Novice: 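One structure, pasted below without further comment.
What you see below is based on every heavy atom in this structure, not just the backbone, and it leaves out hydrogens, waters and symmetry mates. Please read all numbers here as calculations on a predicted model, not as lab measurements.
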Amino acid sequence: MARFDPSVTEKKWQQAWDKAGVFTAKRDETRPKYYVLEMFPYPSGRIHMGHVRNYTMGDVIARYKASTGHNVLHPMGWDAFGMPAENAAMASGGHPKDWTYQNIAVMREQMKPLGLSIDWSREFATCDPEYYGQQQALFLDFLEAGLIDRRNATVNWDPVDMTVLANEQVIDGKGWRSGAEVERRDLTQWFFRISDYAEELLEALEGLDNWPAKVRLMQENWIGRSRGLQFGFERVDGGDPISVYTTRPDTLMGASFVGISPDHPIAKKLEAENPEIADFVAECRKGGTTEEAIETAPKLGMDTGIRVKHPLNPDWELPVWIANFILMDYGTGAIFACPAHDQRDLDFCRKYDLPVIDTFFALDDPTPVEREAFVPPKTDKVQWVNHFAGLDVATGEEAIEATIAAAEKEGWGEGVTKYRLRDWGLSRQRYWGCPIPVLHCPSCGVVPEKKENLPVTLPDDVSFDIPGNPLDRHPTWRDAPCPKCGGDAKRETDTMDTFVDSSWYFARFTAPRAETPTNMADADYWMNVDQYIGGVEHAILHLLYSRFFARAMHITGHLPASAREPFDALFTQGMVTHAIYVTRDENDRPVYHFPEDVEVHESGARLGATGEAVEIIPSAKMSKSKNNVVDPLNIIGAYGADTARWFVLSDSPPERDVEWTASGADAAYKHLSRVWSLCDRIGAMDPDQPGEGDDDLLREMHKTIRDVTNGIESFGFNAAIAKLYAFTNTLARSKAGAKAQKAAIKTLAQLMSPMTPHLSEEIWAHQGGEGLIAQADWPVADEAMLVEDSVTLPIQINGKRRSEITVPKDMDKVEVEKLALTDKAVLKALSGGAPKKLIVVPGRIINVVI
RNA sequence: GCGGGCGUGAUGGAAUGGUAGACAUAUCAGACUUAAAAUCUGAAGGGGGUUGCCCCCGUGCGGGUUCGAGUCCCGCCGCCCGCACCA
């Protein structure tokens, strides 16, 4: 008997596919195209199970689509700029460029044995000058089209290392290396004007039918359109009125103070004049810039001494407070607080002893607010107290609209629509990224680089021994002639956010070697991505930025109008999780260890090398920064790629997180061996050998074709695999003749081929299949074989299953009812009486209500 | 804090509002074997009874809608993801 030996056969078939050029995508207008794309990896240095899972899913789709007559594009590349390369350079010397390209080489070699149907001829890395040069060209076109802006933005500032920190580098409000308390600081930055497209990006979500509803909802909430009232509070001291924006203008009679952000112009002015306020504002600026840090910080406030007049009652004066939880980025950076109907405002007012005024009550409960704000849904009817627009009983929605209408009529405010979405700050004070192609000229100001001078390449002679951006302190790189006047100018030393790199790579794959960012004919043919696959952690930023970029690329002539929404269908796979292994360094900072460096015993975990005790943090997202990645190469080495592929698909539903466990791999291998020995046995049968139950076997075969096809189409890979297990069991037990069994094993091989392509080729060849199974047409279920003559209906009594009857498939409903009432269990339950109700769902179920 | 999701046997999980636990892992029993491995066959949610059969309970917790709820609605609890400089 021929042995199942993946180490030999897998290489053989990979070479056969290469030789036949099966996966090289060529434009072919005569065939329908299908573009399947998995989110490209960051070259961390080794592939992990998350990659295997992600790329295997895409590969199943790619291979399946190819076998149903599609011209498939399935490319791969590297999201190669980013902080880990600089961190590695800081930690162990070396150069980010060498580190990155070495990692890419290693990971490519780790991916190839998986037998993915990737067109490697299109591969690129975002750190290739050929790629980022085109990205600089896009930047210049966007700049010219008015899609880019320059203005201040807040960053995390480490006052000891004198450097900007990423959010990830701020731990509990302190710098990760210096341990110094982080401050928020303003810096001049470049911005993509994505907020100009807020409405369009919001509305277009409706058309994304093949995106998960949860992702559309998350994006909708992120864009955050709101309708509210904008108006000014007159200052008692005659200063400029304070403009506020509120989504609850109906609660204006409950206003207890006016709050401004510590970054509000008034606060900044007071800061310069008043040391007490300067101290307070400095206190407010401590901590990181994340919304999370700001929202969860203890609420701080200080009375500015400024008083404003209530717009509805000039005799009513309100104090103006600076409060640390008010964001300058949202609305006008100033609010009025209504503590009775907002928990945060209430907590603040109780802390600082400010008044709490109820403006409405529940219809059945006029209890004044004490410690808990009364915040009913805006659609609930409530009883209003002294509402200036004359409302008595009305919903919040009605009251808001009435208030806006009244304010507009009386001329003291106007209804406006605002968005939570902010412009996208793209400047990064780091080396390992795409240089922003502009210069600063003493006489001409900010000047874009000329396109013929692109790419503006990164200098290689840099060091990372001191914190900060090496471009900033490079002796010569900054010096360049002004493209406008030719005089001495300085290059911009900021590089681009790596989200820029990943916002258009999908378009570049359609013409990866073009001398322009894209080639219209190729983009027109291959776009859009028919199926995009990636982690749900990208549900908002990456996908929103890509949607914006596709629009911007259309405006600047780099993509057709049809590609403005670049991803037709999106599938968000769950993450692969794994325990994290941590020790602490002398400063009690965490040091993360790779699973293979850790020995886990029942008594606890220790470092293999030193025996040091290791803390185990249970299952978290596999992440390069936490080193909790698992090396799939061990499995491929021991069992082959087909086993690894089969296992990652069978273990868990693809949209859900999966915790990596080694226990299933052995089982997957056993099963594939079993299929192979089945193939061997059937191959040895006399071709004319008759048997019993040919029809039953073929009927099961056609059902399996139907179920597996549906499973693949709907991303139910684990369910499809369950059907393949079941059919293998059926085939193994079948006594059918050689002809039927041979048809069954060939079909089984085809149905398995998207998941286990190598084994399937081997079976195909063994059974005398024509050509490569990778190029064979997908089997089609014979409808006639799927029809059942009779159907078994469960009988419920009061909703609980008690019995069942088998009836002809097309039996009349009335007949089924009659028959059901003669059932033993039904007769017993009725004990002579008549049922209250009899429900018959044809082909499904019978329920007798007693 | 805000936004989104998830929760089913020992384990991974299956189930268009219609027989809960498919398929698999681990376990146990049997066959084969001198023995073990491999392989094959079978058992199995929990509890109870009058045990060729029947009953009760059971999908995180508490309510609700429905002839019927793992699935829909409301309120909790727990875990996970995102929060704009991680990628």
Side-chain angles (χ1 to χ4, degrees), chain A residues 39 41-42 44 79 81-84 153 155-156 164-170 189 194 212-215 217-222 224 288-297 299 325 329 343-344 420-430 497-499 501-502 535-542 544-545 572 574-575 577 618-621 623-625 650-653 655-659 661 663-664 666-668 670-671 673-674 677 716 718-719 721-726 729 732 792-796 798-804 825 835-839 841 844-849:
Chain A
M39 290 179 187
Y42 179 81
S44 56
D79 190 11
F81 275 134
M83 297 202 311
V155 295
N156 301 303
V164 177
L165 298 178
N167 286 334
E168 192 191 45
Q169 298 170 321
V170 179
Q189 311 252 289
I194 188 173
K214 66 173 172 183
V215 174
L217 185 58
M218 279 191 265
Q219 293 216 351
E220 186 183 324
N221 290 336
W222 185 261
T289 57
T290 65
E291 196 174 306
E292 185 188 4
I294 292 163
E295 295 269 334
T296 53
K299 306 291 170 273
F325 58 85
D329 287 322
Q343 191 61 45
R344 189 173 58 183
R420 205 183 74 99
L421 179 67
R422 307 201 297 257
D423 278 339
W424 168 14
L426 69 110
S427 303
R428 297 292 181 268
Q429 295 71 44
R430 265 178 269 287
D497 178 10
T498 56
F499 271 122
D501 312 337
S502 56
V536 70
E537 67 272 25
H538 295 295
I540 294 174
L541 294 180
H542 162 61
L544 194 62
Y545 291 160
T572 54
M575 281 175 295
T577 61
S619 233
K621 169 181 160 186
S623 136
K624 43 218 156 278
S625 62
S650 64
D651 196 50
S652 225
E655 69 278 9
R656 219 182 286 183
D657 286 358
V658 60
E659 164 132 31
T661 140
S663 67
D666 199 49
K670 276 186 202 170
H671 178 73
S673 308
R674 189 160 166 251
S677 54
N718 56 327
I721 282 180
K723 300 286 181 190
L724 289 167
Y725 266 111
N729 290 338
T792 300
L793 298 176
I795 298 179
Q796 295 182 332
N798 289 338
K800 292 187 182 197
R801 183 187 172 279
R802 284 292 180 264
S803 181
E804 61 181 35
K836 254 192 218 155
K837 204 167 175 182
L838 186 57
I839 291 139
V841 184
R844 272 281 170 205
I845 204 162
I846 300 159
N847 192 8
V848 186
V849 184

Novice: Can any side-chain N or O of A/Asp423 pair as donor or acceptor with the backbone N or O of A/Ile194 at less than 3.5 Å?
Specialist: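 Yes; judged by distance alone, with no hydrogens or angles, the pair exists.
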Novice: Quick one: does A/Lys299's side chain have a donor or acceptor within less than 3.5 Å of a partner on A/Ala297's backbone?
Specialist: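 Checking the backbone N and O of A/Ala297 against the side chain of A/Lys299, a donor-acceptor pair under 3.5 Å is found.
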Novice: Regarding A/Gln189, tell me which of base, sugar-phosphate or nothing describes its non-hydrogen contacts under 4.0 Å with the strands shown.
Specialist: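 Answer is base: heavy atoms of A/Gln189 come under 4.0 Å of a base.
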Novice: Starting from the C-alpha separation in whole Å, work towards a yes-or-no answer on side chain to side chain contact (heavy atoms under 4.5 Å, CB included) for A/Ile839 and A/Ile846.
Specialist: CA-CA 6 Å; A/Ile839 291 139; A/Ile846 300 159; over 6 Å; no
Novice: Are any non-hydrogen side-chain atoms of A/Leu793 and A/Val841 less than 4.5 angstrom apart?
Specialist: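 They are not in side-chain contact.
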Novice: B/rU11: syn or anti, with syn meaning chi within 90° of zero?
Specialist: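 Anti conformation here, the glycosidic angle of B/rU11 being more than 90° from 0.
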Novice: NZ of A/Lys214 versus P of B/rG5: gap in Å, rounded?
Specialist: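 Those two atoms, NZ and P, are 8 Å apart.
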Novice: On RNA chain B, compare the nucleotides closest to A/Ser650 and A/Lys837; which residue's is nearer the 5' end?
Specialist: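 Nearest-nucleotide comparison on RNA chain B picks A/Ser650.
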Novice: Can you list everything that forms a ring-ring contact (aromatic ring centres under 6.0 Å, His included) with A/His538? Sequence neighbours excluded, please.
Specialist: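 Listed in chain order: A/His542.
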Novice: Tell me which nucleotide, if any, is Watson-Crick or G-U wobble paired with B/rC53 when both distances must be under 3.5 Å.
Specialist: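 Its partner is B/rG49 (Watson-Crick or G-U wobble, both distances under 3.5 Å).
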Novice: Quick one: look up who B/rC23 pairs with, Watson-Crick or G-U, both distances under 3.5 Å, and put none if it's unpaired.
Specialist: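 Its partner is B/rG12 (Watson-Crick or G-U wobble, both distances under 3.5 Å).
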Novice: Tell me what A/Leu421 touches on the nucleic acid: a base, only sugar-phosphate, or nothing, going by heavy atoms under 4.0 Å.
Specialist: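 Since a base atom lies under 4.0 Å of A/Leu421, the category is base.
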Novice: What is the pairing partner of B/rA87, taking Watson-Crick or G-U wobble pairs with both distances under 3.5 Å in any strand?
Specialist: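 Across any shown strand, B/rA87 pairs with none.
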Novice: Would you say B/rA84 has OP1 or OP2 under 4.0 Å from some side-chain N or O of A/Asn167?
Specialist: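 A/Asn167 to B/rA84 OP1/OP2: side-chain N or O found under 4.0 Å.
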Novice: How does protein contact run along nucleotides 14-24 of chain B, one letter per nucleotide 5' to 3', with B for base contact, S for sugar-phosphate only, - for none, heavy atoms under 4.0 Å?
Specialist: S-B-BB--BSS
Novice: Which nucleotide in the set B/rA87, B/rG5, B/rC85 lies at the smallest distance from any side-chain heavy atom of A/Leu217?
Specialist: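 My answer, after comparing the listed nucleotides, is B/rG5.
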Novice: To the nearest 0.5 Å, what is the distance between CG on A/Asn847 and CZ on A/Arg802?
Specialist: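 Interatomic distance, A/Asn847 CG to A/Arg802 CZ, rounded to 0.5 Å: 11.0 Å.
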Novice: So, A/Arg420 side chain and A/Trp222 main chain: donor-acceptor pair closer than 3.5 Å or not?
Specialist: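 Such a contact is found between A/Arg420 side chain and A/Trp222 backbone.
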Novice: At under 4.0 Å between heavy atoms, what does A/Val164 touch on the DNA or RNA strands: base, sugar-phosphate, or nothing?
Specialist: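 The answer is base, as A/Val164 lies within the cut-off (heavy atoms under 4.0 Å) of a base atom.
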Novice: Would you classify A/Phe499 as touching base, sugar-phosphate or nothing, given that sugar-phosphate means primed atoms plus P, OP1 and OP2, and contacts are heavy atoms under 4.0 Å?
Specialist: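 The answer is base, as A/Phe499 lies within the cut-off (heavy atoms under 4.0 Å) of a base atom.
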Novice: Could I get the full list of ring-ring contact (aromatic ring centres under 6.0 Å, His included) partners for A/Tyr545, not counting sequence neighbours?
Specialist: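 A/Tyr545: ring-ring contact (aromatic ring centres under 6.0 Å, His included) contacts with A/Trp424, A/Phe499.
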Novice: For a 4.5 angstrom cut-off between non-hydrogen side-chain atoms, does A/Arg428 reach A/Val155?
Specialist: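 In short, these two side chains do not touch, never coming nearer than 4.5 Å.
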Novice: Has the side chain of A/Gln169 got a donor or acceptor atom sitting under 3.5 Å from an opposite partner on the base of B/rC85?
Specialist: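 Such a pair does not exist between side chain and base.
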Novice: Nearest whole Å is fine: how far is B/rG82 C1' from A/Gln219 CD?
Specialist: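 Those two atoms, CD and C1', are 12 Å apart.
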Novice: If B/rG58 has a Watson-Crick or G-U wobble mate with both distances under 3.5 Å, name it; if not, just say none.
Specialist: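 Matched B/rG58 with nothing under the 3.5 Å cut-off.
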Novice: Among the candidates B/rA84, B/rG82, B/rA38, find the nucleotide nearest to the side-chain atoms of A/Thr290.
Specialist: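 The answer is B/rA84.
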Novice: Check nucleotides 69-77 of chain B for protein N or O atoms closer than 3.5 Å to its own N or O atoms and list the pairs.
Specialist:
none

Novice: Hey, are the side chains of A/Leu421 and A/Leu544 touching, using non-hydrogen atoms and a 4.5 Å cut-off?
Specialist: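 SC-SC contact between A/Leu421 and A/Leu544 confirmed.
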Novice: Is there, by distance only and without an angle test, a donor paired with an acceptor across the side chain of A/Glu291 and the base of B/rC83 below 3.5 Å?
Specialist: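 Absent.
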Novice: May I ask you to decide if A/Thr289's main-chain N or O and A/Asn156's side chain share a donor-acceptor pair within less than 3.5 Å?
Specialist: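 A pair under 3.5 Å: yes.
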Novice: Tabulate protein N/O versus nucleotide N/O from nucleotides 51-54 of chain B, keeping only pairs under 3.5 Å, one per line.
Specialist:
none

Novice: Which base sits across from B/rC2 as a Watson-Crick or G-U pair, both distances under 3.5 Å?
Specialist: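 B/rG82 is the nucleotide pairing with B/rC2.
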Novice: Just checking A/Gly224: base, sugar-phosphate only, or nothing, at a heavy-atom cut-off of under 4.0 Å?
Specialist: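 Contact class for A/Gly224: none.
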Novice: Look at the side chain of A/Glu537 and the base of B/rC80, then say whether one donor and one acceptor between them are separated by less than 3.5 Å.
Specialist: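 For A/Glu537, whose side chain was compared with the base of B/rC80, there is no donor-acceptor pair (under 3.5 Å).
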Novice: Is B/rG12 syn or is it anti, if syn means the base angle is within 90 degrees of 0?
Specialist: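 Here B/rG12 takes the anti form, which means its glycosidic angle is more than 90° from 0.
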Novice: How is A/His671 classified with respect to the nucleic acid when contacts are heavy atoms under 4.0 Å: base, sugar-phosphate, or nothing?
Specialist: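 The residue A/His671 makes no contact with any strand.
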Novice: Which whole-number value in Å describes the distance from A/Glu292 CD to B/rA84 P?
Specialist: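 Interatomic distance, CD of A/Glu292 to P of B/rA84: 8 Å.
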Novice: Between the main-chain N or O of A/Ala539 and the side-chain N or O of A/Gln219, is there a donor-acceptor pair closer than 3.5 Å?
Specialist: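 The answer is yes, because a donor-acceptor pair under 3.5 Å joins these two groups.
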Novice: Starting from P on B/rG5, measure out to CE on A/Met218 and report it in whole angstrom.
Specialist: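 After rounding, the gap between these two atoms is 7 Å.
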Novice: Restricting to side chain to side chain contact (heavy atoms under 4.5 Å, CB included), what partner residues turn up for A/Asn221, sequence neighbours left out?
Specialist: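 Here the qualifying residues are A/Leu217.
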Novice: Using a cut-off of 4.0 Å on non-hydrogen atoms, how would the nucleic acid contact of A/Trp222 be classed: base, sugar-phosphate, or nothing?
Specialist: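 Base contact.
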